[in-house]
Each structure stands twice: as C-alpha cells, then as structure tokens.
Amino acid sequence: MTNASGGWRAIGRDDAGRIVTVAVDATGRRLSEPSSFDDVTAAVAADVGARWVWNDARSWLPVALEAGVEVARCRDLRLCHAILRDSAHVDDADDLRAATAWDVASEPTSTSETLFDLAHGPALPDHIDDICAEFSRQQHAVDASRHPEALRLLLAAESAGAMIAVEMHAAGVPWDAAVHDGLLTEALGARSKTGGLPHRIEAVAAQVRAALDDPSASLDSQPKLLRALHSVGVMVSSTSKWELAEHDHPVVAPLLEYKRMTRLLSANGWSWLQEWAPDGRFRPVYVPGGVVTGRWASSGGGALQLPRQLRPAVRADPGWVLVVADVAQLEPRVLAAMARDRGLADAARGTDLYAGIVASGVVPTRQDAKIAVLGAMYGATTGDSGRLVPALRRAYPRAMGLVDDAARAGELGEVVSTWLGRSSPPPSAGWRRLQADAAEPDAGEGDRATARRSARDRGRFTRNFIVQGTAAEWALAWLADLRVRLAALPAVDAGAVAARSGPVFGARAHLAFFLHDEIIVHAPASQADQAAEAVRAAAAAATDLLFGGFPIDFPLDLRITIDAGKA
DNA sequence: AGTGCCTGCGCG
DNA sequence: AAAGCGCGCAGGCACT
C-alpha cells in the first residue's frame with residue numbers, strides 16, 4: 001500500500017472518532033472513500049509522499065515522529081487560515097472569516113474554561129468533513145487571490161515551519177550541563193550551600209552596599225534602589241544600566257556587575273538548567289506565526305533569548321558536530337530585493353552590507369552605515385540615526401521609498417503586506433476612533449497630539465512590518481528547503497556514533513535550533529560537509545524562490561564546530 | 001493566594 | 001536612557 005502519491009491527503013476523524021484519511025484534489029474535492037487507520041503512524045506510512053492536510057501539526061506530527069515516521073509535506077490549516085483570513089491579497093475572504101472555529105487565537109468566550117482547556121487552547125475542528133471543507137475554502141481563496149503563486153509558497157513554508165517547530169522540540173538542542181555549570185560558576189562563583197546567593201554575587205553586593213553607605217540596602221527593588229542611589233548623590237531617573245553607566249561614582253561599576261550577575265542567575269542559572277535541560281537537551285516550545293510579522297515566538301525557557309554568553313553550552317554529542325549558520329544583515333538585503341533597489345543590492349554584494357554602503361560614499365563609517373540602516377527600517381527621526389537617514393534616502397530612493405510608503409500607509413490606517421502576502425493587522429477600533437475624533441474641527445490640541453503620536457507609532461510598525469515579515473519569509477523558505485535536503489541524507493551507522501537524537505531522526509543530520517536568521521544543525525561528524533552544503537544550497541534556493549531574477553546576495557556565515565560559542 | 005502592571009534586560 | 005521595530009521572562013509591587 002505504501003506509495004508516494006505527492007497528492008493532497010486530508011487526515012481527521014470520523015463520526016466515531018476513528019482516524020481516517022481521504023485523498024483530495026487541489027480544490028478539496030474527495031477522490032475516494034475515506035480509509036480508517038489505527039493511528040497516525042499507520043496512516044502516514046500508507047502514503048509517505050502525500051501532502052498531508054491536517055488541522056494542526058502539533059496534534060498530528062508528534063505521534064508519527066515518536067514512531068520514527070517522517071512526513072514530507074503538509075498544509076497546516078490552523079496557521080494558513082490565519083494568513084489567508086488577513087491577507088490583503090485575498091479578495092474574497094468572507095468564507096474564511098465566517099469559519100471562526102479556525103480562529104484559535106480568539107479569546108475564550110465562556111466561563112467554563114478549565115485549566116486544561118486553557119493550557120491546550122480551544123479545540124480545533126478535526127472531523128474529516130471539516131478538514132476537507134476548510135482546505136477547500138483555503139484553496140479557493142488562494143486561487144482567487146491576486147498573487148496565488150506567492151501565497152502558495154507562503155502557505156507551504158508556513159506549514160513546513162509548523163512541522164519543523166515540532167521536530168526541533170522533539171530533537172532538542174544538544175546541551176552540555178557541565179559546560180553550563182562551569183560558565184555559571186566562573187561568572188557567579190560557587191553556589192551557596194545555605195540557600196544564599198552564589199559567592200561572587202554576594203561579594204559584589206557587599207561592594208554595592210558599601211558604596212551606598214547602607215549595609216542593608218535592597219538591591220532588587222527598583223524604587224528602593226533608586227532612593228539609595230539618590231541618597232549618595234547619583235541622581236538617576238531610573239536604575240537601568242544605560243543611565244547608570246553615565247555616572248561616575250564608585251557604586252556604578254559594582255552595581256552594573258551585580259545586575260549582570262543576578263540577571264544571568266535568574267534567567268539562565270542552575271534552576272533553568274534543571275528545568276529546561278535536565279537530560280542533555282534543551283527543548284524550547286517554538287510558536288510558529290506567534291509574532292504578527294510572521295516571525296516565530298517561543299513559550300517557556302526563553303528559547304529566543306539564549307544569552308550569547310551561554311552558547312558554548314550548546315555542544316554536539318560525541319561523534320557529532322554542529323553546523324552553525326547565520327545570515328549577515330538579513331533585513332536590509334531583503335529590503336533591497338523587495339524594492340528592486342540595484343544600488344543597495346550592489347552595496348550588499350559580498351559579506352558586509354555596511355562596508356558596501358561606506359564604499360559607495362554614502363556615509364563615512366561602518367558604524368554610521370549600521371545606525372542609518374537600522375534607523376531607516378525602524379523609523380528613527382531623532383538622534384544620530386535620524387540624522388543619517390536622509391543620506392540613505394538620497395542614495396537608495398527605491399528602498400527608502402518602499403519603507404516610507406509603508407509608514408505612510410500605516411499612519412493612514414491602511415494594511416500593508418509582506419513580499420509573499422502576509423498582511424499587517426488592521427488598526428484597532430480604538431485607534432480609528434482616536435484618529436477620527438482628532439480630525440473633528442472642535443478637537444483639542446492635546447487630542448490631536450495624541451492621535452498624531454499614535455499614527456506615527458503605527459507608521460513605524462508598518463514600516464518595519466514589511467521588512468521583518470519578508471525576512472521571516474526568507475528564513476522560513478530556508479528552513480523548509482533545508483528540512484527536505486537533510487531528510488534526503490542517509491542515516492549513518494548508528495553503532496558508530498552516540499546518537500541521542502533518536503528515535504526521532506536516527507543517526508542523521510537534523511535541525512536543532514532556529515532564531516530569526518540563524519540555524520544550528522546537529523550532524524554526525526561524517527555528514528558534516530554534506531549538512532553544511534545543504535545549509536548553503538537551501539539558502540540559495542530560498543533566495544531564488546523569493547527573489548529569483550534579481551541580483552541580491554544572502555551570504556552565510558557558516559562554521560562546522562563542536563560548540564556554538566564564539567568562533 | 002491570585003491577578004495584572006511596571007521595570008529592566010536578554011535575543012533578533 | 002533611549003533615540004527606533006519585534007519578542008519573553010523574572011521580580012517587585014499594588015490591587016483584589
């Protein structure tokens with residue numbers, strides 16, 4: 001029965017709750033009678049090449065993964081529903097919007113939500129009829145849209161991301177507890193046996209209290225610390241490190257050190273290690289589509305905030321290596337390609353876009369170029385950044401025109417879209433009311449100012465949305481393509497390596513970590529070069545898929561290494 | 001005791 | 001102390 005159809009196959013449950021699958025055509029019409037299966041694994045094994053149409057990869061994939069069965073492709077109806085529902089490229093979204101059962105992000109409406117319900121979110125439809133119907137709605141929306149090819153690419157990438165998030169959670173980031181413990185002990189001192197703070201933190205705290213001339217000063221309460229600082233003449237308005245650093249007082253250095261140390265302890269200390277990487281694997285919960293722009297969010301463990309300081313604890317298993325790769329200046333490169341700005345693309349040729357801008361004589365130094373580019377994408381208007389943006393506007397009118405237009409649209413309350421068609425959320429009712437009220441002839445100056453500020457805020461958001469969101473699309477395409485390439489690598493002799501990533505992937509290179517523009521692949525040493533080549537080829541494929549025909553470089557900084565610390 | 005907000009800081 | 005986007009999390013604190 002095993003074959004490789006390559007066609008769509010819906011999976012869900014029948015009236016009796018049994019797992020059933022049915023082949024469907026590209027419009028969602030059934031091509032046969034549903035077949036029933038004992039479990040997901042059996043269903044997947046029966047049609048290994050199918051494009052699975054399911055409500056949610058989080059529900060269906062783990063079971064197959066547990067059994068070592070891989071899924072080639074899927075349509076994640078939950079994530080794709082959200083994209084199509086909001087996309088400005090979809091002209092007729094009425095049917096999709098009416099299918100509110102697929103809006104899982106909607107607020108709980110009843111008071112009967114138990115803790116269990118909240119933890120798992122509202123249940124999605126999973127009846128096979130509902131799966132087919134939603135797939136059909138989505139296919140119709142895409143076909144009738146203005147850019148069906150782009151949307152198809154986006155839905156495929158988003159769906160692949162849904163699987164990758166589950167797979168990376170299952171595989172985990174290889175984490176060396178001994179290295180982590182060593183870093184902590186070196187930075188913070190030995191752990192207290194009596195429940196107090198680690199040795200070095202205590203010592204630094206004593207220095208701070210001495211400088212504050214208060215042996216019992218509370219250092220962890222912002223209001224109390226602020227008062228203590230004032231009492232010794234450090235007249236700061238907050239206790240943030242930027243402001244403190246500007247004062248020349250004996251308390252500053254030890255206080256900043258105390259803050260660094262307690263931050264490390266509370267965010268990624270020994271209790272984090274115990275909770276999040278107890279078995280040599282850090283398993284973050286990734287949340288694909290968790291950010292409005294399409295970036296992933298995360299939940300638990302602070303997956304997307306791993307301090308660079310701790311990267312050396314990301315360490316390959318014995319006999320394995322890490323392929324660590326990131327894209328330098330992903331967002332401005334994406335902007336150059338979206339805007340078809342040849343000048344900026346020329347500056348982006350090679351590995352350092354900022355150096356390219358300097359070489360073109362636009363600004364004098366690399367630091368200026370960096371500040372100007374970030375300011376352009378974030379909407380800076382003041383300070384160094386705001387001062388440098390006009391030079392960029394003269395040199396790269398197309399690129400700057402694109403983000404300036406997006407900002408203007410946002411200020412007017414319009415929706416903007418990424419390259420592949422993910423659209424920004426419309427302004428809230430409150431925002432509209434604020435603007436409308438301020439436009440009335442009798443509006444007060446205060447209301448006008450508030451409305452103006454809020455319009456500018458939204459303009460900066462939409463300005464950044466198109467760039468951040470398209471960068472997320474490039475990264476998703478990279479991941480999705482890489483996933484396929486890695487899946488094609490053969491499993492190496494499991495006896496030759498200490499494979500701890502099995503049974504999920506056996507002894508084969510697999511994605512282990514992803515952070516916006518950076519990936520880590522965990523690979524058997526014998527497969528290191530193949531894995532690295534796959535990473536490079538996938539980046540080239542992503543560039544071609546999104547921006548084929550336009551000459552833009554996305555150079556990778558790639559290294560094959562044992563640990564993910566600084567090279 | 002549970003909640004929600006604020007401050008501050010880590011990541012891109 | 002951010003100017004200038006997007007996040008998650010910890011700890012303190014006020015309120016219920």
Side-chain angles (χ1 to χ4, degrees), chain A residues 115 118 197 218-226 234-247 252 255-256 258-269 271-272 275-276 284-311 326-332 334-335 370-389 392 403 406-407 410 416 418 422 424-425 453 456-472 474-475 513-519 564:
Chain A
L115 196 60
L118 288 170
L197 291 169
S218 166
L219 309 184
D220 301 316
S221 159
Q222 194 262 7
K224 289 175 188 166
L225 178 57
L226 201 55
V234 181
M235 304 312 286
V236 286
S237 63
S238 79
T239 63
S240 71
K241 61 179 184 180
W242 302 285
E243 193 175 359
L244 283 169
E246 298 203 335
H247 286 78
V252 170
L255 180 52
L256 291 179
Y258 176 83
K259 282 168 158 282
R260 270 198 310 274
M261 289 171 152
T262 51
R263 163 80 197 185
L264 178 61
L265 178 67
S266 71
N268 296 101
S271 47
W272 181 93
E275 183 176 3
W276 291 100
V285 176
Y286 298 95
V287 185
V291 180
V292 280
T293 58
R295 273 188 175 181
W296 289 11
S298 71
S299 147
L304 276 45
Q305 307 143 250
L306 265 191
R308 300 218 76 96
Q309 193 181 359
L310 251 44
R311 296 293 176 94
D326 67 78
V327 193
Q329 306 114 20
L330 173 59
E331 293 191 354
V334 157
L335 173 58
K370 185 172 180 176
I371 289 175
V373 166
L374 291 176
M377 293 189 306
Y378 294 160
T381 54
T382 63
D384 287 348
S385 191
R387 203 159 36 71
L388 289 162
V389 170
L392 227 51
V403 285
V416 297
T418 61
R422 191 189 307 259
S424 66
R453 182 156 24 84
R456 295 271 154 74
D457 288 347
R458 186 159 193 280
R460 286 193 302 277
F461 166 64
T462 52
R463 168 191 293 274
N464 186 247
F465 180 94
I466 59 167
V467 180
Q468 186 183 118
T470 303
W474 185 93
F513 189 66
F514 167 57
L515 181 53
H516 307 319
D517 62 0
E518 170 185 4
I519 55 122

Q: Side chain of A:A380, heavy atoms from C-beta onward: which of B:dG12, C:dC7, C:dG4 has the nearest atom to it?
A: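 From the listed options, C:dG4 comes nearest.
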Q: Can you check the A:L335 CG to C:dG6 C1' distance for me, whole Å?
A: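 Rounded to the whole Å, the gap is 17 Å.
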Q: Select base, sugar-phosphate, or nothing to describe what A:E246 touches, counting heavy atoms under 4.0 Å on all strands.
A: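 Base contact.
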Q: How would you label the contact of A:G301 with the nucleic acid (heavy atoms, under 4.0 Å): base, sugar-phosphate, or nothing?
A: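 Sugar-phosphate, backbone atoms only, no base.
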Q: Search all heavy atoms of A:F461 against all heavy atoms of A:S424 and return the closest pair with its distance.
A: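 Here A:F461 and A:S424 meet closest at CE2-CB, 4.3 Å.
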Q: Please confirm whether any donor atom in the side chain of A:R460 sits under 3.5 Å from an acceptor in the base of C:dC5, or the reverse.
A: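 Answer no: no donor N or O sits under 3.5 Å from an acceptor.
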Q: Could you work out the separation of C:dA1 and B:dT7 based on their P atoms and round it to a whole Å?
A: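 Their P atoms lie roughly 10 Å apart.
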Q: Does CD belonging to A:Q309 count more than 12 external heavy atoms closer than 6.0 Å?
A: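 Result for CD/A:Q309: open.
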Q: Do you know the tightest heavy-atom contact between A:P425 and A:F465?
A: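 It is CD-CE1, 4.4 Å.
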Q: Can any side-chain N or O of A:R463 pair as donor or acceptor with the backbone N or O of A:A376 at less than 3.5 Å?
A: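 Yes, A:R463 side chain to A:A376 backbone: donor-acceptor pair under 3.5 Å.
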Q: Measure the distance from NE2 on A:H516 to P on B:dG10 and round it to the nearest whole Å.
A: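 So the NE2-P distance, A:H516 to B:dG10, works out to 16 Å.
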Q: Does A:S221 make a side-chain N or O approach to OP1 or OP2 of C:dG11 shorter than 4.0 Å?
A: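 No, outside the criterion.
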Q: For A:G375, report the nucleic acid contact type (base, sugar-phosphate, nothing); a contact means any heavy atom under 4.0 Å.
A: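 A:G375: no heavy atom of the nucleic acid under 4.0 Å.
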Q: When you check the phosphate oxygens OP1 and OP2 of C:dG4, does a side-chain N or O of A:T381 lie under 4.0 Å from one of them?
A: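 True: A:T381 side-chain N/O within range (under 4.0 Å) of C:dG4 OP1/OP2.
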Q: Determine which nucleotide pairs with C:dG4, using a 3.5 Å limit on both distances of a Watson-Crick or G-U wobble pair.
A: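 The answer is none; no pair meets the criterion.
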Q: Taking only side-chain nitrogens and oxygens of A:K241, does any of them come within less than 4.0 Å of OP1 or OP2 of C:dA2?
A: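 No, no such contact exists.
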Q: Counting side-chain heavy atoms from C-beta on, which of C:dC7, C:dA1, C:dC13 comes nearest to A:E243?
A: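 Nearest to the side chain of A:E243 among the choices is C:dA1.
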Q: Whole angstrom is fine here: how far is it from NZ in A:K259 over to C1' in B:dG10?
A: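 So the two atoms are 13 Å apart, to the nearest Å.
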Q: With sugar-phosphate meaning primed atoms plus P, OP1 and OP2, does A:A267 contact a base, only sugar-phosphate, or nothing at under 4.0 Å between heavy atoms?
A: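 Contact class for A:A267: none.
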Q: Where is the tightest heavy-atom contact between A:N268 and A:P307, given as atom of each residue plus distance?
A: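 Taking every non-hydrogen atom into account, OD1-CD, 3.3 Å.
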Q: Look at A:Q222 and B:dG8 and indicate whether a side-chain polar atom (N or O) is within less than 4.0 Å of OP1 or OP2.
A: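 For B:dG8, OP1 or OP2 has a side-chain N or O of A:Q222 closer than 4.0 Å.
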Q: Return the value, rounded to whole Å, for the distance between atom CG of A:L374 and atom P of C:dA2.
A: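 In whole Å, C:dA2 P lies 17 Å from A:L374 CG.
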Q: What nucleic acid atoms does A:R295 come within less than 4.0 Å of, heavy atoms only: base, sugar-phosphate, or nothing?
A: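 Contact class for A:R295: base.
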Q: Without decimals, in angstroms, what is the distance between A:N464 CG and C:dG4 P?
A: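 Atom CG in A:N464 sits about 13 Å away from atom P in C:dG4.
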Q: Expressed in angstrom and rounded to an integer, what is the separation of A:E275 atom CD from C:dC9 atom C1'?
A: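 Between C1' of C:dC9 and CD of A:E275: 12 Å.
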Q: What distance, rounded to whole Å, do you find between the two C1' atoms, one in B:dC5 and one in C:dA3?
A: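 So the two C1' atoms sit 25 Å from each other.
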Q: Applying a 4.0 Å non-hydrogen cut-off, can you work out what A:L264 is touching in the nucleic acid: base, sugar-phosphate, or nothing?
A: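 Nothing: the residue A:L264, judged by heavy atoms under 4.0 Å, touches no strand.
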Q: Considering just the side-chain nitrogens and oxygens of A:S238, establish if one lies under 4.0 Å of OP1 or OP2 belonging to B:dT7.
A: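 Looking at the OP1 and OP2 atoms of B:dT7, neither is under 4.0 Å from any side-chain N or O of A:S238.
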Q: I want to confirm an ordering. Mapping A:Q468 and A:S237 to their closest nucleotides on DNA chain C, which one lands closer to the 5' end?
A: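 Counting from the 5' end, the first nearest nucleotide belongs to A:S237.
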Q: From B:dC11, B:dG10, C:dA1, pick the nucleotide closest to the side chain of A:R308?
A: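 Output: B:dC11.
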Q: Under 4.0 Å: is that the gap between some side-chain N or O of A:S240 and OP1 or OP2 of B:dT7?
A: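 No, because none of the side-chain N or O atoms of A:S240 sits under 4.0 Å from OP1 or OP2 of B:dT7.
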Q: Of the listed nucleotides (C:dA3, C:dA10, C:dA1), which one gets closest to any side-chain atom of A:W242?
A: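 It is C:dA1.
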Q: I need the CD-C1' distance between A:Q305 and B:dG12, as an integer number of Å.
A: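 Computing the A:Q305:CD to B:dG12:C1' distance gives 11 Å.
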Q: Looking only at non-hydrogen atoms, find the nearest pair between A:W296 and A:L304 and report the distance.
A: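 Shortest heavy-atom contact: O-CD2, 3.4 Å.
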Q: Rounded to whole angstroms, how far apart are NZ on A:K370 and C1' on C:dA3?
A: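 Distance, rounded to whole Å: 16 Å.
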Q: Could you check A:V291 against A:D220 and say which one's nearest nucleotide on DNA chain C is further toward the 5' end?
A: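 Nearer the 5' end of the strand: A:V291.
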Q: Give the intermediate values and the outcome of side-chain contact (heavy atoms from CB on, under 4.5 Å) for residues A:L244 and A:K259.
A: CA-CA 11 Å; A:L244 283 169; A:K259 282 168 158 282; 3.8 Å; yes
